[in-house]
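First up is the structure itself, then whatever we jot down about it.
All residue numbers refer to positions in the sequence shown, counting from 1. Just the heavy atoms: all of them, side chains too, but no hydrogens, waters or symmetry mates, feed the values below.
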Amino acid sequence: MNKRTCTALAAALAATLALGTAGCSGGKRTGSDKAGGANPAAANEGAVVGGTPQRGGTLTVLSNQDFTHLDPARNWVMNDMDFGTRLLYRTLVTYKAAPGTEGGRLVPDLATDLGTSSNGARTWTFHLKPGVKYEDGSPVTAQDVKYNVERSFSPDLPGGADYAARYLAGADGYQGPAQGKHLDSVRTPDDRTIVFELGKPFAEFPYATAMPTFAPVPQAKDKGPQYDNRPFSSGPYKVDSYARGKKLTLVRNDHWDPATDEVRKAYPDKLVVVMGLKGNQIDDRLIASQGADASAVSWGALRPESAAKVLPRAEVKKRLLAESTNCTDMVQMHTGRAPFDQVKVRQAVQYALDRDAVLTSSGGPAFNVLSTAYMPATLFGGHQPDTSRIPATGDTEKAKQLLKEAGKPDGFSTSMTVSSGDKGRAEAVQQSLGRAGIKVTIETVDPSAFYATIGDTKNRTDMVYTGWCPDYPSGSTFLPFVFDARHIKEKGNSGNHSLFRDDATMKRMDEIAAMTDTKEATAAWQKLDGEILAKAPAVPVLVRRWPLVLGTNIAGAYGQTSFGGQLDYATVGLKNPAASRG
């Protein structure tokens, strides 16, 4: 799913991050030298910080941006999904509320179990728990889940997870439930039973039903694109007020029954998301942890330049979470346009890119691991391979040679779109490509509009800096979403931002998807990763950790691995609710 000057920064971090020869050094090394493995500077990994919360009080979330989407049919950005599925709506299944690897385990949510398959994993049946209610006290029904799955096909609601479109039988050409059109492949024999008929076997389908697409939306409450502003709650909280770009306030859904919910603890009485703040302002406020900020957390990750204010100070570092995002940052090139329609040009970008400089601009090895493959290390058994053997600092001369062979001896000019929070990373990319003669103009976009901007395939730039996160531990949820051309959309394009169209790759994806032996499929996905890398539609850069500084009054906090290291809102709360305000 979608996620995310050098010398001065290296000097600032050298003492606290123990960078040594890493960072901006001139020596060449292969990416594997810093890929994978434990990182001693990553704080509180796999731990719960602050003890057990007490019920009550106001949890404040400090943010530099608005949500991309809260509508469950459109919600497919990691931190938005964490927030929505833990607080506002429930899905058929979800992830256990636990730190570390336990947080990757599926548990029932709306459903009584993880689903029952038949017909060779082509038919999946779920039964809903009794007693699950919306914020107005009305019951959640199987028909409401079916309706949200169907509305996710609407062209007016782009951007959401497309597992339903990929796997449901008879879904080709479906445009949503307008004019009473429905999918025959989703049946509801009664109010508490929902049956999905798939076009091909999919043994991993329960993982897909943890996505917001499989949350309920009652048709009577649907307001089309405006539903983004006021999703109707089936979770422990409901929207009290929402001023886009400014403030979101959640209060308790009094009809949420904890007896039906083994995951969410709902400790705070209220959650307030304050938006539009500057990143450095958020970091400084949480480091100081004064007044109401003691009961606050950050929406975004700690800025790299703030690391030197945190790591040397034991009192602050004990309030730092830094779980891996399990998401690969990539520079993706528009393979359908010149000059990136030439593989040698794309390979030139691979060789020109100084990943080491990007890592340093991201806070160094304390908060990042270099990538030598597309899929993260977790999908390779813990350690990425290095099939290209390109030095982490790049190889400018090799890049120039490839450009000459491609008929571009003098290089060329291009532009790259990045989220404003990635500007420092983009500048490191810009500088390293410039040394090979590739002149890059950076176009920054507000994070809340970033995916809509790069998802407009006709009007976007030739390069984008973005990333992808597996929705669950399988190559099937990574490579097909990033490199299968059959699901490219003109608007709302979600994953294949290189617009890569390669028949051999797609044929192999279908062959692997049909494999029934999990080990065989895993090995095949891993091999395919290197084969695509050789064709260079994108350059893997790094896997980030997600560093978060917590206020001193925060309890029950940990990074949820299934949500990219984000704070798990299912269990977080306050040590002393009376000390919070709001």
Side-chain angles (χ1 to χ4, degrees), residues 43-44 47-63 67 70 79 82-90 94 96-99 103 133 135 233-243 246-275 277 281-300 302 315-321 548-560 563 566-582:
N44 298 312
V48 179
V49 175
T52 302
Q54 302 300 306
R55 184 179 171 89
T58 297
L59 175 68
T60 300
V61 183
L62 304 179
S63 179
F67 299 92
L70 283 180
N79 43 4
D82 174 23
F83 194 86
T85 61
R86 292 320 223 188
L87 299 175
L88 288 171
Y89 33 79
R90 299 173 64 177
T94 190
K96 184 177 180 179
K133 298 178 181 180
E135 61 182 80
S233 176
S234 56
Y237 297 92
K238 62 183 179 181
V239 176
D240 182 63
S241 63
Y242 187 10
K246 296 180 180 178
K247 187 177 181 180
L248 170 69
T249 300
L250 304 184
V251 296
R252 289 192 182 278
N253 169 11
D254 294 329
H255 293 283
W256 170 74
D257 183 355
T260 70
D261 194 338
E262 66 178 86
V263 175
R264 301 163 184 84
K265 302 304 179 184
Y267 288 115
D269 289 331
K270 182 189 295 186
L271 288 93
V272 177
V273 183
V274 181
M275 307 168 193
L277 303 174
Q281 178 185 16
I282 295 170
D283 292 351
D284 290 344
R285 286 173 59 173
L286 288 173
I287 291 168
S289 190
Q290 299 294 312
D293 290 341
S295 301
V297 298
S298 174
W299 177 255
L302 182 78
E315 184 281 325
V316 181
K317 187 176 179 180
K318 73 181 182 182
R319 298 188 274 120
L320 174 68
L321 302 176
L548 295 168
V549 174
L550 312 169
T552 53
N553 194 32
I554 299 298
Y558 57 86
Q560 167 57 275
F563 292 111
Q566 306 284 340
L567 184 69
D568 192 345
Y569 286 95
T571 59
V572 70
L574 306 176
K575 299 175 185 176
N576 179 10
S580 67
R581 304 181 210 158

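Separation of atoms CG (Leu320) and CG (Leu548) is listed at 8.0 Å; rounding is to 0.5 Å. To the nearest 0.5 Å, the span separating CG on Asp269 from CG on Leu250 amounts to 12.5 Å. Considering CD of Gln566 and CG of Asp82, their distance stands at 6.0 Å, rounded to 0.5 Å. Atoms CG and CG, on Asp240 and Leu271 in that order, are 12.0 Å from each other to the nearest 0.5 Å.
A search for side-chain contact (heavy atoms from CB on, under 4.5 Å) contacts involving Asp284 returns Lys309, not counting sequence neighbours. Under the side chain to side chain donor-acceptor pair (under 3.5 Å) criterion, Tyr267 pairs with no residue at all, not counting sequence neighbours. Partners of Thr260 by side-chain contact (heavy atoms from CB on, under 4.5 Å), not counting sequence neighbours, listed by chain and number: Arg90, Val132, Asp257. Scored by the side-chain contact (heavy atoms from CB on, under 4.5 Å) test, Thr571 finds Ala97, Lys265, Tyr558, Asp568 as partners (sequence neighbours excluded). Remark: Thr94 pairs with Arg86 by the side chain to side chain donor-acceptor pair (under 3.5 Å) rule, at least two apart or across chains. Applying the salt bridge (charged side-chain N to carboxylate O under 4.0 Å, His left out) test to Lys96 and every residue at least two apart in sequence or in another chain returns Glu102. Legend: residues meeting salt bridge (charged side-chain N to carboxylate O under 4.0 Å, His left out) with Asp283, ordered by chain and number and at least two apart, are absent. By the side-chain contact (heavy atoms from CB on, under 4.5 Å) test, Gln290 is found to be paired with Ala288, residues two or more places apart in sequence or in another chain being considered. Not counting sequence neighbours, Tyr237 has no partner by the side chain to side chain donor-acceptor pair (under 3.5 Å) test. Evaluation of the side chain to side chain donor-acceptor pair (under 3.5 Å) rule for Asn553 yields Ser295 as partners, not counting sequence neighbours. Qualifying salt bridge (charged side-chain N to carboxylate O under 4.0 Å, His left out) partners for Arg264, counting only residues two or more places apart in sequence or in other chains: Asp109, Asp261. Not counting sequence neighbours, the partners of Phe83 by the ring-ring contact (aromatic ring centres under 6.0 Å, His included) test are Phe67, Trp299, Tyr569.
Within the 3.5 Å criterion, the main-chain N or O of Ser233 finds a donor-acceptor partner in the side chain of Glu135. With Ser580 contributing its side chain and Thr58 its backbone, the two residues share a donor-acceptor pair below 3.5 Å. Using a distance-only test at 3.5 Å, with no hydrogens or angles considered, a donor-acceptor pair links the side chain of Arg319 to the main chain of Leu550.
Between Leu59 and Val572, the closest side-chain pair of non-hydrogen atoms falls below 4.5 Å. Taking 4.5 Å as the limit, some side-chain heavy atom of Val274 sits within range of a side-chain heavy atom of Leu277. Taking the side chain as every heavy atom from C-beta outward, Leu248 and Val272 never approach each other to under 4.5 Å.
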Dump the intermediate steps for side-chain contact (heavy atoms from CB on, under 4.5 Å) on Thr249 and Lys270, then the final yes or no. CA-CA 7 Å; Thr249 300; Lys270 182 189 295 186; 3.9 Å; yes
